[in-house]
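Taking it in order: structure first as structure tokens, then the write-up.
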Number of protein chains: 2
Amino acid sequence: MTTSVVSVTVDLVLLTIRQGALQALLIRRGIEPYLGKWALPGGFVLPDEDLDEAAARELREETGLDPRTGHFEQLATYGAPGRDPRGRVVTIAYLALLPDLPSPVAGSDAAGAAWRPVDDIEAGDLAFDHDRILADGIERARAKLEYTPLATAFCPPEFTVAELRQVYETVWRTRLDPRNFHRKVTGAEGFVEATGGTVIRERGRPAQLFRRGPAALLHPPLLRSGQV
Amino acid sequence: MTTSVVSVTVDLVLLTIRQGALQALLIRRGIEPYLGKWALPGGFVLPDEDLDEAAARELREETGLDPRTGHFEQLATYGAPGRDPRGRVVTIAYLALLPDLPSPVAGSDAAGAAWRPVDDIEAGDLAFDHDRILADGIERARAKLEYTPLATAFCPPEFTVAELRQVYETVWRTRLDPRNFHRKVTGAEGFVEATGGTVIRERGRPAQLFRRGPAALLHPPLLRSGQV
DNA sequence: CGAATAGTGTCTGTGAGACATTATATC
DNA sequence: GATATAATGTCTCACAGACACTATTCG
């Protein structure tokens, strides 16, 4: 039996909603290969580190965020033989859904880091196979909004129904009926809980504030196929 | 930046339905560590092999099956530092849903291989962290039957609605109403297509034969939460 | 007051689940 | 004939989507 000795990295698809657009955190590479190109943040797994730990450490290093903020999960693993010119590198990609951060890129050690609207990133813009990893992450996020309450991961701890609706509209790139959306969100068991507070964003009637509820799955789900 | 040099393997969660039970293919280990213990089939990734290729090769070696039979997808990656006593081994697990095979374990190179009902496999029965990998695979299969037509992957190329229903009943461990199930399956766009043939399994009215349809997702889905 | 946003109510069509009925085979 | 399985139909309730209407703020 032949063993295959390879390097193992983690790469992060960090998604947030800023300025009404779904955005991903990218870093500008400071070393070869792909020097100067944009790439997903990531790095090598340390010898005594579990994969989740490595991803959480990279998240802290790149954003200063605690992985318990928002949502964090393993996405998929990529290991085509030629994906890194330096040799055999297998990367485990992680997906994080984050609220709009006050200090976007706090403690980044990369040459440069920036949030970029995912619609502005075109095929070939990113180093390695990061185009595909990013696309897979976005698709995972879109699908998960249907059956899980993860849209709340894009929101601050307290949010209004309208803000949650804007998350869905931004991620799915659709328009949703505010009245039906309100009824479905407040009717789905454990999706959101009223905090009792209210807030006025611009003008109009004050909106109730909610926090995320305890449900792990949405019953009934909010389907993209419908028009809500 | 420190690189982490590790070995990379693929492990397979192979699921089928035999004798009315959801069963997984296990091999009895012929070498240390865990000599004599049951484990998931798998092996090292070869130097010039993509991960999917390695998993497909292992599938062929263990079962003689072509990966295009049934359904095949990446499940998740496991890499806790102590999961293999020989050193750092990261494993990418794959999930396959297979029809009941005529020759269960054709060309296996393992000391012994057998289909085992998953309900008979208890915590601690399997080597390494394969208990958890198997559990993750079963849960993935259960969830995917809701929103995708993958139940057909457990069936031969032509099957009856009753056989498809038995797949759902076996995987979900529930009873489904045959009449409502028939209406929902034949009503879901692209789930199944009638071949025109009929067959009599034991006695009773002949059943229509179907093949899998072109749909990748079920609209509307078949939800576990309901009673069908 | 009007404009804007938040939230509730009402109506209609469709699907889920419960279950009756008909169809076609074997014994 | 009886029995078993397949397939269709019927009924009721709940939810989805469309959209009218009320509530509460700012200017």
Side-chain angles (χ1 to χ4, degrees), chain A residues 20 145-147 155 158-170 172 174-211 215 217-228, chain B residues 20 145-147 149 155 158-169 172 174-211 215 217-228:
Chain A
L145 291 205
E146 293 193 309
Y147 305 113
C155 296
E158 300 202 348
F159 52 87
T160 67
V161 174
E163 287 161 353
L164 186 62
R165 174 168 49 83
Q166 283 159 21
V167 169
Y168 276 92
E169 292 181 335
T170 302
W172 285 351
T174 49
R175 286 274 144 203
L176 303 177
D177 185 293
R179 300 159 290 187
N180 292 334
F181 183 85
H182 188 282
R183 180 164 36 79
K184 288 165 84 161
V185 165
T186 54
E189 184 80 18
F191 190 1
V192 296
E193 295 175 339
T195 66
T198 60
V199 70
I200 299 165
R201 292 304 186 202
E202 297 260 330
R203 49 177 166 265
R205 174 173 168 177
Q208 284 182 266
L209 283 170
F210 293 85
R211 67 174 80 89
L217 291 172
L218 287 189
H219 285 288
L222 286 159
L223 299 179
R224 273 181 286 184
S225 56
Q227 277 305 307
V228 183
Chain B
L145 291 205
E146 293 193 310
Y147 304 112
C155 297
E158 300 201 348
F159 52 87
T160 67
V161 174
E163 287 162 353
L164 187 64
R165 175 168 47 83
Q166 282 158 23
V167 169
Y168 276 93
E169 291 181 336
W172 284 352
T174 48
R175 285 276 145 200
L176 302 177
D177 184 293
R179 300 158 291 185
N180 292 333
F181 184 83
H182 188 283
R183 180 164 36 79
K184 288 164 83 161
V185 165
T186 54
E189 184 79 20
F191 191 0
V192 295
E193 294 173 341
T195 66
T198 60
V199 70
I200 300 166
R201 293 302 188 201
E202 297 259 330
R203 50 178 167 265
R205 174 174 170 176
Q208 284 181 265
L209 283 171
F210 293 86
R211 68 174 80 88
L217 290 173
L218 287 189
H219 284 289
L222 286 160
L223 298 179
R224 273 181 286 185
S225 56
Q227 277 305 304
V228 185

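Proteins get letters first, then strands, A, B, ... in listed order; numbering begins at 1 in each. Quantities reported herein were computed from a predicted structural model and do not represent experimental measurements.
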Report task. Check the distance between dA23(D)'s C1' and Ile200(A)'s CD1 and give it to me in whole angstrom. Result -> 13 Å
Query raised in the report: Separation of Leu223(A) atom CG from dA16(D) atom C1', in whole Å?
Result: 10 Å
Query raised in the report: Rounded to whole angstrom units, what separation is found between the CD atom of Gln166(A) and the P atom of dT5(C)?
Result: 10 Å
Query raised in the report: What about Arg205(B): does its side chain form a donor-acceptor pair under 3.5 Å with the base of dA25(C)?
Result: no
Report summary line: Ranking dA23(C), dA16(C), dG7(C) by distance to the side chain of His182(A), first place goes to dG7(C)
Query raised in the report: What does Arg203(A) touch in the nucleic acid at a heavy-atom separation under 4.0 angstrom: a base, only the sugar-phosphate, or nothing?
Result: sugar-phosphate
Query raised in the report: Whole-Å distance between dA7(D) C1' and Lys184(B) NZ?
Result: 17 Å
Query raised in the report: Say you draw a straight line from CH2 of Trp172(A) to CG of Leu222(A); how long is it, rounded to the nearest 0.5 Å?
Result: 5.5 Å
Query raised in the report: Does any donor-acceptor pair link the side chain of Arg179(B) with the base of dA20(C) at a separation under 3.5 Å?
Result: yes
**Report entry** Side chain of Asn180(A) - closest among dA16(D), dT25(D), dC19(D)
**Finding:** dC19(D)
Query raised in the report: Starting at CZ of Arg183(A) and ending at P of dA18(D), how long is that distance when rounded to a whole Å?
Result: 11 Å
Requested in this report: For this output row, return yes or no: ring centroids of Phe210(A) and Phe191(A) closer than 6.0 angstrom.
Outcome: no
Requested in this report: Verify the neighbour count for atom CD of Glu158(A): are there more than 12 heavy atoms of other residues, nucleotides or ligands below 6.0 Å?
Outcome: yes
Query raised in the report: Contact class for Arg201(B) vs. all strands (heavy atom < 4.0 Å): base, sugar-phosphate, or nothing?
Result: nothing
**Report entry** Tyr147(B) side chain near Leu218(B) side chain, heavy-atom distance below 4.5 Å
**Finding:** no
Query raised in the report: Can we say Glu146(B) and Arg224(B) salt-bridge, meaning some charged N sits less than 4.0 Å from an Asp/Glu carboxylate O?
Result: yes
Query raised in the report: Among the nucleotides dA6(C), dA16(D), dG17(C), which one has an atom lying closest to any side-chain atom of Ala207(A)?
Result: dA6(C)
Query raised in the report: Atom CG of Asp177(B) to atom C1' of dA7(D): distance rounded to whole Å?
Result: 12 Å
Query raised in the report: How long is the line joining CZ of Phe191(B) and P of dG15(C), in whole Å?
Result: 16 Å
Report task. Report which part of the nucleic acid Pro220(A) touches: base, sugar-phosphate, or nothing (heavy-atom distance under 4.0 Å, all strands). Result -> sugar-phosphate
Query - Distance in angstrom units between Phe181(A) CZ and dT8(C) P, rounded - result: 14 Å
Report summary line: Whichever of Gln208(A) and Pro206(B) has the more 5' nearest nucleotide on DNA chain C, that residue is Gln208(A)
